[in-house]
Amino acid sequence: MQSSVKRPRSPGINKTQDPALAKTLRGHNDQVNSVAIAPNFKQLVSGSDDCSVLVWNLKGGQEVRPFKFLGHKGPILGVSFSPNGSLIASCSKDETVRLWNNSVEGSSVLLRGHTGGVRSVSFSADGRLLLTASDDKTVKVWSVADKRFQFGLTGHTNWVRTARFSPDARLIASGADDKLVRLWDVDGRRELHVFDDHSSGIRAVRFHPDGSLLASGAGDSKIKIWDVRSKRLIQHYDAHAGAVNDLAFHPSGHYLLSVGADAKSKIWDLRQGRLAYTLYGHEGNSLACGFSFQGDYFATGGADHTVMLWRTNFEDTGKEHLEDRRPQTSTGGRKQMTSATGRAMTGTVPPKKTPVVQKEGTGQRPEEMTFSPQRFNPAPEERRRSNSREETGPKPKTAYDFLFSEKESSLKKIHDASDTVNLRDLENTAPLAGTKGLPIELTRTLDRIVGQLDIMNKTLQVFEMRIANNEEQISYLHSLVSRDLGASHAPPFGERRDDHLDEEVFPNDF
């Protein structure tokens, strides 16, 4: 496979290309539960129900022969590369964790400590700590240097399926079958917060590359994104037709990859709050996904025993983005992403079922949370077609835009999306009455509270209007029932007469 030519920095998606299948890797004899790409992009590791860990050489030709690491006595549920790529961690249903030397010999060190199957394993960003989550309802932290257990976190009441460090390793997020996402303080070894918005077991939790957001996917088919600092839900997507099995942030933080039980892989544009692409490739459950360090490739694994390596069309790589986010090099301007229109294309190495990439139009949006007072109710997700029209006109400003644009809207003028101010100039913004002389951070907090109270007030007004409207409809139906049944000595309104009449008077969708 030839290496792609590096393009100059350009914001957003390359509209002349679609994500394309680069390779299909076949070697497992059962479903692939976890995948990870090495930081140097020379290797890919995958773990499967066939109890093997396969390490693939990505720099070879189309015929890729993997190294097979054997040692686990149960299905492999998680794999991960260390930040320097010298170690590979794997966890299994056999209740153990193994640290493999990334070499031809594939020697390993066995870590025991859990009393149930271990479903998740990952390294901290500095490579010093290892994090595991288990069916024994615990999360454990290990030292990589001496291969020893450090401490455990307890609080979940069911199997813990996923856990991840924040980029600075100060926080841990975990998700379990108890439908809860828990946020932990590493230094204090205590629980900080519980997110209880999901209605089914949690399958994946991931921190945004800059650590300020937390995303979760669950069996209820939903993706939810929270602000870690304020603990508020800022984006919500009705993502898949089945469970959301895995998530991965693009290194730039602008996109989120999800795979689900509906056999689809989806790429979400977080700045615009919409679905950008739907990828069809795996036959059956799509179970695992992960981006490369540079963000120009991503891998998916499925129940069809295959691993698929895809080439992205994102022109803002993670490395460039993170350098641009540093204060000393910030340009102060926010790059806007262009919208995409639809067409389908096939991958270069088709499996039994030819992979298809469906580019999503911008005419319809997934459910999203916004700061705009004109959008109190999240719009339901609708099925998009590849030939949907592009949306013209301004798009609502989402909470993600508010949090991460380098030019943010003034908190006092949040209703005017065009009135923006650079964060470095906020000290020159007129404060609220009575806040003169207060510290700028306190003034910002007060401004935010005032803005949120205004939104809550308008939301209550909408609810009152809806209640009044429902009362009018009930009164109207009551009059119809009284008129139609009065001559036949009908029972009082609300009492059941027979099944047929009950269905007509009280339809399920009322």
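FYI, the numbering just counts along the sequence from 1.
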Tell me every residue that passes side chain to side chain donor-acceptor pair (under 3.5 Å) with [X], counting only those two or more places apart in sequence or in another chain.
{"X": "Ser80", "value": "none"}
{"X": "His198", "value": "Ser216, Asp220"}
{"X": "Asn158", "value": "none"}
{"X": "Ser122", "value": "none"}

Partners meeting ring-ring contact (aromatic ring centres under 6.0 Å, His included) with [X] (sequence neighbours left out):
{"X": "Phe291", "answer": "His250, Phe298"}
{"X": "Trp100", "answer": "Phe69"}
{"X": "Phe195", "answer": "His193, Trp226"}
{"X": "Trp56", "answer": "none"}

Can you list, pair by pair, the side-chain donor-acceptor contacts under 3.5 Å of residues 242-249, counting residues two or more places apart and other chains?
| unit_1 | atom_1 | unit_2 | atom_2 | d |
| --- | --- | --- | --- | --- |
| Asn245 | OD1 | Arg203 | NH1 | 3.0 |
| Asn245 | ND2 | Asn285 | OD1 | 2.9 |
| Asn245 | ND2 | Ser286 | O | 2.8 |
| Asp246 | OD1 | Arg206 | NH2 | 2.7 |
| Asp246 | OD2 | Cys289 | N | 3.0 |

Q. According to the salt bridge (Lys or Arg N to Asp or Glu O under 4.0 Å) rule, which pairs have a member within residues 161-174, sequence neighbours left out?
A. Arg161-Asp177

Q: Give every residue pair that meets the salt bridge (Lys or Arg N to Asp or Glu O under 4.0 Å) criterion with at least one member in residues 28-45, sequence neighbours excluded.
A: none

Q.
Test of understanding: with side chain to side chain contact (heavy atoms under 4.5 Å, CB included), list the residues that count as partners of Ala163, not counting sequence neighbours.
A. Leu131, Ala133, Val139, Ser174

